[in-house]
Amino acid sequence: MEFEQFWRERRLCMLASPRPDGTIHQVPVGATYDAERHLVRVITSGSSYKARNLRARPGIRVSLSQVEGRWWCTVEGPATVSDDPERVAEAVRRYAERYRQPRPNPERVVIEIEVTRLLGNVRPG
């Protein structure tokens, strides 16, 4: 399967991040991949556990995976949380292209994952 097509088609992803006690917090999310910047974006409410957890420890490494049948891809890298209006707007625009227009949320933030490692059988050509 072609890498960019895999990241354009609508499918949920799983975001895994470490909690302060070292256990894993894993949740389903919508995510988009920016091939030019090697960046994955996840929109969420600033009050969500994942956003609060990552905001408390900027740059902590996370992983995000998606799967379709036998095809899968996992990205890993440091994550940051931003409430910058331009960054959030770009994340919302990309989310709307892949999924649907999200409901309004004045608390929305974007989790940005700098992709430093790719795993899986769906990889860039």
Side-chain angles (χ1 to χ4, degrees):
M1 176 171 283
E2 196 264 321
F3 182 79
E4 291 199 23
Q5 174 188 345
F6 192 69
W7 280 94
R8 278 191 306 268
E9 294 172 346
R10 187 183 194 286
R11 67 178 50 84
L12 287 177
C13 301
M14 295 297 289
L15 174 66
S17 58
R19 293 184 185 102
D21 68 2
T23 61
I24 299 298
H25 178 253
Q26 187 167 355
V27 292
V29 296
T32 61
Y33 183 77
D34 182 339
E36 287 182 23
R37 296 191 58 209
H38 303 286
L39 191 70
V40 168
R41 294 178 178 92
V42 174
I43 58 174
T44 189
S45 178
S47 62
S48 70
Y49 181 83
K50 60 186 163 288
R52 289 181 290 117
N53 182 39
L54 296 174
R55 183 171 264 163
R57 298 178 298 148
I60 195 149
R61 293 185 62 83
V62 301
S63 68
L64 184 133
S65 301
Q66 63 178 327
V67 63
E68 183 71 37
R70 71 178 200 88
W71 301 105
W72 66 281
C73 181
T74 295
V75 298
E76 295 178 2
T80 57
V81 178
S82 176
D83 58 6
D84 175 85
E86 289 181 18
R87 291 164 75 174
V88 172
E90 178 63 12
V92 167
R93 183 188 71 77
R94 289 172 180 269
Y95 180 94
E97 287 178 358
R98 187 174 189 192
Y99 300 99
R100 61 173 165 62
Q101 186 64 39
R103 64 176 170 71
N105 180 352
E107 292 186 24
R108 181 167 288 130
V109 296
V110 59
I111 297 169
E112 295 176 332
I113 304 165
E114 177 190 341
V115 179
T116 58
R117 187 174 185 191
L118 277 167
L119 305 164
N121 59 7
V122 178
R123 300 179 63 87

Measuring from atom [atom1] of [X] to atom [atom2] of [Y], what distance do you get when rounded to the nearest 0.5 angstrom?
X: Arg8; Y: Glu2; atom1: CZ; atom2: CD; answer: 5.5 Å
X: Glu76; Y: Leu64; atom1: CD; atom2: CG; answer: 10.5 Å
X: Leu119; Y: Ser63; atom1: CG; atom2: OG; answer: 8.5 Å
X: Arg55; Y: Ile111; atom1: CZ; atom2: CD1; answer: 9.5 Å

If you define the side chain from C-beta out and look only at heavy atoms, does anything of [X] sit under 4.5 Å from [Y]?
X: Asn53; Y: Ser48; value: no
X: Val29; Y: Lys50; value: yes
X: Ile113; Y: Leu15; value: yes

For [X] and [Y], work out which heavy atoms get closest and say how close.
X: Ser47; Y: Glu107; value: OG-OE1, 3.2 Å
X: Glu112; Y: Leu39; value: CB-CD1, 3.9 Å
X: Pro18; Y: Ile60; value: CG-CD1, 3.6 Å
X: Ser17; Y: Leu54; value: CB-CD2, 3.9 Å
X: Gly46; Y: Ala51; value: O-CB, 3.8 Å
X: Thr74; Y: Ser65; value: OG1-OG, 2.6 Å

Just by distance, do the side chain of Asn121 and the backbone of Arg70 share a donor-acceptor pair under 3.5 Å?
->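 Here the side-chain-to-backbone pair exists.
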
Check: Glu9 main-chain N/O paired with Arg98 side-chain donor or acceptor under 3.5 Å | yes

Chi angles and distances behind the salt bridge (Lys or Arg N to Asp or Glu O under 4.0 Å) call for Glu90, Arg87 | CA-CA 5 Å; Glu90 178 63 12; Arg87 291 164 75 174; over 6 Å; no

Relative to each other, are the rings of Tyr33 and Phe3 parallel, tilted or perpendicular (30° and 60° limits)?
-> perpendicular

When you measure from the centre of the six-membered ring of Phe6, is the NZ or CZ of Arg11 under 6.0 Å away and within 45° of the axis?
-> yes

Give a yes-or-no answer on whether the side chains of Thr116 and Arg61 include a donor-acceptor pair shorter than 3.5 Å.
-> yes

Kindly check if the number of other-residue, nucleotide or ligand heavy atoms within 6.0 Å of CZ (Arg37) is above 12?
-> no

Around atom CD of Gln5, are there more than 12 heavy atoms of other residues, nucleotides or ligands at under 6.0 Å?
->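 Yes, enclosed.
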
Under the side chain to side chain contact (heavy atoms under 4.5 Å, CB included) test, which residues partner Pro58, sequence neighbours left out?
->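 Testing Pro58 for side chain to side chain contact (heavy atoms under 4.5 Å, CB included), a comparison that skips the adjacent residues, returns none.
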
Same cluster or not: are [X] and [Y] linked, directly or through other Ile, Leu, Val, Met, Phe, Trp or Tyr residues, by side-chain heavy atoms under 4.5 angstrom apart?
X: Leu12; Y: Trp71; answer: no
X: Val115; Y: Val62; answer: yes
X: Val109; Y: Tyr49; answer: no

Going by side-chain heavy atoms closer than 4.5 Å, which hydrophobic residues are tied to Val88, directly or by a chain of links?
->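 Same cluster as Val88: Ile43, Val92, Tyr95, Tyr99, Val110.
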
